[in-house]
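Notes follow once the structure below has been shown.
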Protein chains: 2
Amino acid sequence: MNIIAVLKALSNEKRLKILQWLKEPKKNFTSSHCDVETDGVCVGLIEEKIGLSQSTVSQYLMLLQQAGLINTERRGQWTYCKRNEKTIKELIKSLEML
Amino acid sequence: MNIIAVLKALSNEKRLKILQWLKEPKKNFTSSHCDVETDGVCVGLIEEKIGLSQSTVSQYLMLLQQAGLINTERRGQWTYCKRNEKTIKELIKSLEML
DNA sequence: AAAGTATATCGGGATTTTCCGATATGTCAA
DNA sequence: TTGACATATCGGAAAATCCCGATATACTTT
């Protein structure tokens, strides 16, 4: 875990929001073609909810992934996103030791 | 606590380093005119150790203070800095709930 | 094969961050 | 009260971030 990359990824209102939403997929998203809880949340649903352009959302998700905060998986024509709790826990531990 | 401001303040190598150093003042700083443990660490000592210009260090410390991560106190011709553990704890709690 | 849908990538304008040197302010000591 | 020292503030160049529209890619359906 690169703590600076993680902190940078988190220090943006919109990206932090995405991560919050992904904590409770069922509460925050509804999909007709998958179960957001088990499959993950696809890019389009996030885009729709956050009010940013498709390209920006795609880039932000890439950034969150590179920081290790989410995992993405391509299945068919969709890319599903899930939180990566491991990195979040690591961050908290690092901050506790800080 | 403004979590975005705190995360932004932390997401810089140099500022994170300063906060780390302030965790153990005695281990990281030596002053001839005060006790770094009880009085705090003055700006010049940080400047000397971090290898940034005086103005940059002053600005970074101001930023850390505005984020609530440190407290500064002017005494005579020196400004002493201490970590504000309260904000750090609040941040960790916020991230645990995130 | 063509058209539609979902996502990724590219190029770039606007804004913010990084970091500096110059200068101002405040304090102490002679 | 002058000069030395500690710190704060100002103005700005360079780099990074934010966010977009246009376009490319990939898959699905017809």
Side-chain angles (χ1 to χ4, degrees), chain A residues 2-19 22 25 29-36 39-67 69-82, chain B residues 2 4-19 22 29-36 39-67 69-82:
Chain A
N2 175 342
I3 190 165
I4 295 294
V6 172
L7 289 168
K8 272 192 181 155
L10 289 176
S11 65
N12 171 285
E13 212 107 33
K14 302 296 176 62
R15 289 191 301 260
L16 195 62
K17 199 49 116 174
I18 292 173
L19 226 62
L22 290 179
F29 301 99
T30 312
S31 173
S32 52
H33 64 78
C34 72
D35 175 356
V36 294
D39 296 329
V41 177
C42 65
V43 181
L45 291 176
I46 297 171
E47 180 197 337
E48 194 177 283
K49 183 154 179 148
I50 208 157
L52 286 172
S53 74
Q54 185 267 317
S55 61
T56 300
V57 172
S58 186
Q59 282 166 347
Y60 277 13
L61 291 173
M62 183 63 74
L63 206 155
L64 285 169
Q65 189 191 17
Q66 279 164 356
L69 286 163
I70 63 171
N71 291 126
T72 66
E73 188 189 347
R74 181 99 190 191
R75 277 210 309 285
Q77 71 190 0
W78 290 285
T79 299
Y80 296 95
C81 305
K82 282 186 185 180
Chain B
N2 175 343
I4 294 295
V6 171
L7 289 167
K8 272 194 181 153
L10 289 176
S11 65
N12 171 285
E13 211 109 34
K14 301 294 174 63
R15 289 191 301 260
L16 194 63
K17 199 49 114 177
I18 291 172
L19 226 62
L22 290 179
F29 301 99
T30 312
S31 172
S32 52
H33 64 79
C34 71
D35 176 355
V36 293
D39 297 329
V41 177
C42 65
V43 180
L45 291 175
I46 296 171
E47 180 196 336
E48 193 179 283
K49 182 153 181 148
I50 208 157
L52 286 173
S53 75
Q54 185 268 318
S55 62
T56 300
V57 172
S58 186
Q59 282 166 347
Y60 277 14
L61 291 173
M62 183 62 73
L63 206 155
L64 285 169
Q65 189 191 17
Q66 279 165 356
L69 287 163
I70 63 171
N71 291 124
T72 65
E73 189 188 347
R74 181 99 190 193
R75 276 211 307 288
Q77 80 191 114
W78 288 286
T79 299
Y80 296 95
C81 305
K82 283 184 183 180

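Below, read A as the first sequence line, B as the second, and so on, with proteins coming before strands; counting in each chain starts at 1.
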Query raised in the report: Which residue pairs satisfy the salt bridge (charged side-chain N to carboxylate O under 4.0 Å, His left out) criterion with at least one member in residues 46-59 of chain A, sequence neighbours excluded?
Result: none
Query raised in the report: Restricting to pairs with a member in residues 69-82 of chain A, which pass salt bridge (charged side-chain N to carboxylate O under 4.0 Å, His left out), not counting sequence neighbours?
Result: A/Asp39-A/Arg75, A/Glu73-A/Arg75
Testing the basics here: between [X] and [Y], what is the closest heavy-atom pair and its distance to 0.1 Å?
X       : Y       : result
A/Ile4  : A/Asn2  : N-OD1, 3.0 Å
A/Val41 : A/Val36 : CG2-CB, 4.1 Å
B/Ile50 : B/Val57 : CG2-CG2, 3.8 Å
B/Ala67 : B/Ala9  : CB-CB, 3.9 Å

In whole angstrom, what separates [X]'s [atom1] from [N]'s [atom2]?
X       : N     : atom1 : atom2 : value
A/Glu48 : C/dT5 : CD    : P     : 14 Å
A/His33 : C/dT5 : NE2   : P     : 13 Å
A/Leu52 : C/dT7 : CG    : C1'   : 16 Å
A/Met62 : C/dA8 : CE    : P     : 6 Å
A/Asp39 : C/dA6 : CG    : P     : 16 Å
A/Ile18 : C/dT7 : CD1   : P     : 13 Å

Report summary line: When A/Lys8 and A/Leu61 are each assigned the nearest nucleotide of DNA chain C, the 5'-most assignment goes to A/Leu61
Report summary line: Nt span of DNA chain D in reach of chain A heavy atoms at under 4.0 Å, 5' end first, is D/dT17 to D/dT28
[atom1] of [X] to [atom2] of [Y]: how many Å apart, nearest 0.5 Å?
X       : Y       : atom1 : atom2 : result
B/Asn71 : B/Leu64 : CG    : CG    : 11.0 Å
B/Leu61 : B/Cys81 : CG    : SG    : 4.5 Å
B/Ile18 : B/Leu52 : CD1   : CG    : 7.5 Å

Query raised in the report: OP1 or OP2 of C/dT7 sitting under 4.0 Å from any side-chain N/O of A/Ser58?
Result: no
**Report entry** Phosphate contact (C/dT18 OP1 or OP2) by B/Asn12 side-chain N/O below 4.0 Å
**Finding:** yes
Requested in this report: If a pair satisfies side chain to side chain donor-acceptor pair (under 3.5 Å) and one of its residues is in residues 6-15 of chain A, list it, with sequence neighbours excluded.
Outcome: none
Query raised in the report: Got a sec? Which of residues 70-82 of chain A come in under 4.0 Å of DNA chain C, heavy atoms?
Result: A/Arg74, A/Gln77, A/Trp78, A/Thr79
Requested in this report: Answer with base, sugar-phosphate or nothing: what part of the nucleic acid does B/Gln54 contact at a heavy-atom distance below 4.0 Å?
Outcome: base
Report task. Could you tell me whether the side chain of B/Cys34 reaches within less than 4.5 Å of the side chain of B/Trp78, counting heavy atoms only? Result -> no
Nucleotide N/O of nucleotides 10-15 of chain C paired with protein N/O under 3.5 Å:
residue: C/dC10; atom: N4; partner: A/Gln59; partner atom: NE2; Å: 3.0

